[in-house]
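Every heavy atom of this structure was used, including side-chain atoms; hydrogens, water molecules and symmetry mates were not.
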Amino acid sequence: MLKLAKFAFALLIATPIILGLTSHKGNAELTTSQKASGAEIATLAGGCFWCTESDLEQLDGVIDVVSGYSGGQNENPTYSQVSSGKSGHIEVIQVVFDPQRVSYQAVLDQLFRHMDPTDPNGSFVDRGPQYRPAIFYHSKEQKEIAEKFMAQVEDLGIYKKPLATELIEFTKFWPAEDYHQDYYKTNKIRYKYYRYNSGRDQYLDLIFGADREDNPVTLTEMIRQANLSSKVYTRPSDAEIKNSLSAIQYYVTQEEGTERPFDNEYWDNKEAGIYVDIVSGEPLFSSTHKYKSGTGWPSFTQPINDYYIKSVTDYKLLYPRTEIRSRFADSHLGHVFKDGPKPTGLRYCMNSAAMRFIPKSLLAQQGYGKYLFLFEQ
């Protein structure tokens, strides 16, 4: 964590000098009972270990998470030494998990959905190599799983930049001082203050949607969906997008604009078919879920597949709204409101300029034949 920020937090902690000199009592290796039960260890770095410890402990099948340090030269380093960036260590967590309940890939998946894996120079507000993302593999099998998983995540294209997470062979783990362990439990207010101001959750909301905690979609599920699809959806370069879109399409999708009501292409379209992202072609909405809302914009009760959309809280007006964006192209599509008809009670109010309509008769020809089932009685 940012050194000055943590120092400020430490001033509020009782007897900070004593706490800072007391090492964590837990073992860095598996206990006898954990070994007997077949538990395994993952050593992971995703920036501030207060945050990654909290996030990984939420995963079903995780037995224990300990904050600490790995990768440096000197033995038994202190927080002061590591946070200086001179010891060579990285802030890490050691995750003990039950492989019968959760896989190693699922542990990696949880980490990647709660950090920025693209920043080689730190993590959010915390800067320096001691906060960079890394996976310390304990075996050849772990290394191979991590390599394959990261390659598949890279192919998804959901992050704004290439992955920069290092794969490092595990050698030694040093538990951090006691006051760092379970910090999110023992210092709830200070932890929430730090986490909010770090920018971590704001970044994650942009990547995975503001509903990522209530309606989580794992990276593994995204990979599975991508493999099932005959199409690969990606975001073109900014130059390609600018050259391919009309002025109104660019204004809506790239500048988060809104077209005029009752004066757009699809607000009153009654033809059977689906609506896809104008930039990437991601399948978004179906005429079978379209209804006349009276607003002057095309409105739907639900998307074709939640996988292809994400939601972001929008504060452009005096009150917060839920913005809808496409997952891969990251196009601004419109907003969703809770005043729609049954069965969902939702109104996905979209901009025509953000979408392209494909008639039912052309779905197979244009590679969307798998969605013909939507029109079966």
Side-chain angles (χ1 to χ4, degrees), residues 113 153-161 203-212 215-219 221-246 248-259 264-266 273-287 289-290 297-314 316 321-337 344 346-358 363 366-368 370-371 374:
R113 286 185 292 114
V153 170
E154 189 85 81
D155 289 342
L156 283 177
I158 64 171
Y159 293 103
K160 308 297 183 184
K161 296 180 290 185
Y203 168 84
L204 296 174
D205 286 349
L206 287 174
I207 298 297
F208 297 105
D211 61 344
R212 61 188 174 84
N215 300 293
V217 179
T218 66
L219 289 164
E221 175 60 17
M222 294 183 198
I223 292 166
R224 188 185 73 83
Q225 290 278 359
N227 290 338
L228 287 176
S229 174
S230 58
K231 285 179 171 285
V232 176
Y233 302 104
T234 59
R235 177 183 170 84
S237 69
D238 291 343
E240 289 173 320
I241 291 174
K242 190 152 185 98
N243 290 333
S244 65
L245 300 184
S246 68
I248 185 63
Q249 290 169 342
Y250 190 87
Y251 170 65
V252 168
T253 61
Q254 308 305 304
E255 297 177 345
E256 301 175 0
T258 301
E259 63 195 4
N264 55 78
E265 191 171 3
Y266 303 128
I274 69 171
Y275 298 80
V276 304
D277 185 282
I278 192 69
V279 173
S280 65
E282 294 165 74
L284 302 173
F285 298 95
S286 167
S287 60
H289 303 134
K290 192 171 186 286
W297 290 285
S299 300
F300 307 85
T301 57
Q302 64 186 66
I304 291 175
N305 189 334
D306 288 333
Y307 170 68
Y308 291 111
I309 67 169
K310 58 183 180 180
S311 62
V312 180
T313 303
D314 174 357
K316 292 183 177 64
R321 297 181 299 171
T322 302
E323 178 192 5
I324 299 298
R325 305 185 73 90
S326 57
R327 184 170 297 281
F328 293 101
D330 195 34
S331 303
H332 169 72
L333 304 174
H335 293 84
V336 62
F337 303 94
T344 65
L346 299 175
R347 171 170 58 94
Y348 285 85
C349 187
M350 301 294 104
N351 287 279
S352 293
M355 304 183 294
R356 177 169 66 89
F357 178 73
I358 304 176
L363 288 179
Q366 297 194 23
Y368 295 91
K370 64 185 289 185
Y371 297 107
L374 292 166

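With sequence neighbours left out, Gln254 forms a side-chain hydrogen bond (donor to acceptor under 3.5 Å, both in side chains) with Arg235. The side chain to side chain contact (heavy atoms under 4.5 Å, CB included) test applied to Gln366 returns Arg356, Ile358, Leu362, Tyr368, not counting sequence neighbours. The salt bridge (Lys or Arg N to Asp or Glu O under 4.0 Å) test applied to Asp211 returns no partner, not counting sequence neighbours. For His289, there are no ring pair (Phe, Tyr, Trp, His ring centres under 6.0 Å) partners, not counting sequence neighbours. With sequence neighbours excluded, no residue satisfies ring pair (Phe, Tyr, Trp, His ring centres under 6.0 Å) with Tyr251. Scored by the side chain to side chain contact (heavy atoms under 4.5 Å, CB included) test, Asp155 finds no partners at all (sequence neighbours excluded). Looking at residues two or more places apart in sequence or on another chain, you find no side-chain hydrogen bond (donor to acceptor under 3.5 Å, both in side chains) involving Tyr348. Residues satisfying the side chain to side chain contact (heavy atoms under 4.5 Å, CB included) test with Val153, not counting sequence neighbours, are Phe149, Tyr159, Leu163, Leu219, Ile223. Evaluation of the side-chain hydrogen bond (donor to acceptor under 3.5 Å, both in side chains) rule for Thr253 yields no partner, not counting sequence neighbours. Applying the ring pair (Phe, Tyr, Trp, His ring centres under 6.0 Å) test to Tyr203 and every residue at least two apart in sequence or in another chain returns Phe124. Under the side-chain hydrogen bond (donor to acceptor under 3.5 Å, both in side chains) criterion, Asn243 pairs with no residue at all, not counting sequence neighbours. Taking Tyr250 as the reference, nothing meets the ring pair (Phe, Tyr, Trp, His ring centres under 6.0 Å) condition, with sequence neighbours excluded.
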Q | Worked verdict on Glu323 versus Arg321 for salt bridge (Lys or Arg N to Asp or Glu O under 4.0 Å) | A | CA-CA 6 Å; Glu323 178 192 5; Arg321 297 181 299 171; over 6 Å; no
Q: Test side-chain contact (heavy atoms from CB on, under 4.5 Å) on Glu265 and Met355 and set out the steps.
A: CA-CA 10 Å; Glu265 191 171 3; Met355 304 183 294; over 6 Å; no
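Checking each of Asn351, Ile324, Asp314, Thr322 against His335 for a side-chain contact (heavy atoms from CB on, under 4.5 Å) leaves exactly one that passes, namely Asp314.
At a threshold of 4.5 Å between non-hydrogen side-chain atoms, the residues Arg327 and Ile309 do not count as touching. Taking the side chain as every heavy atom from C-beta outward, Phe328 and Val279 never approach each other to under 4.5 Å. When side chains are defined from C-beta on, Tyr275 does not count as touching Pro298, because their heavy atoms never get closer than 4.5 Å. Under the 4.5 Å side-chain criterion, counting only non-hydrogen atoms from C-beta, Leu333 is in contact with Leu284.
Of all the heavy atoms in Phe300 and Ser286, the pair that sits closest is CD2-O, 3.5 Å.
With 3.5 Å as the limit, one finds a donor-acceptor pair spanning the side chains of Glu240 and Ser237.
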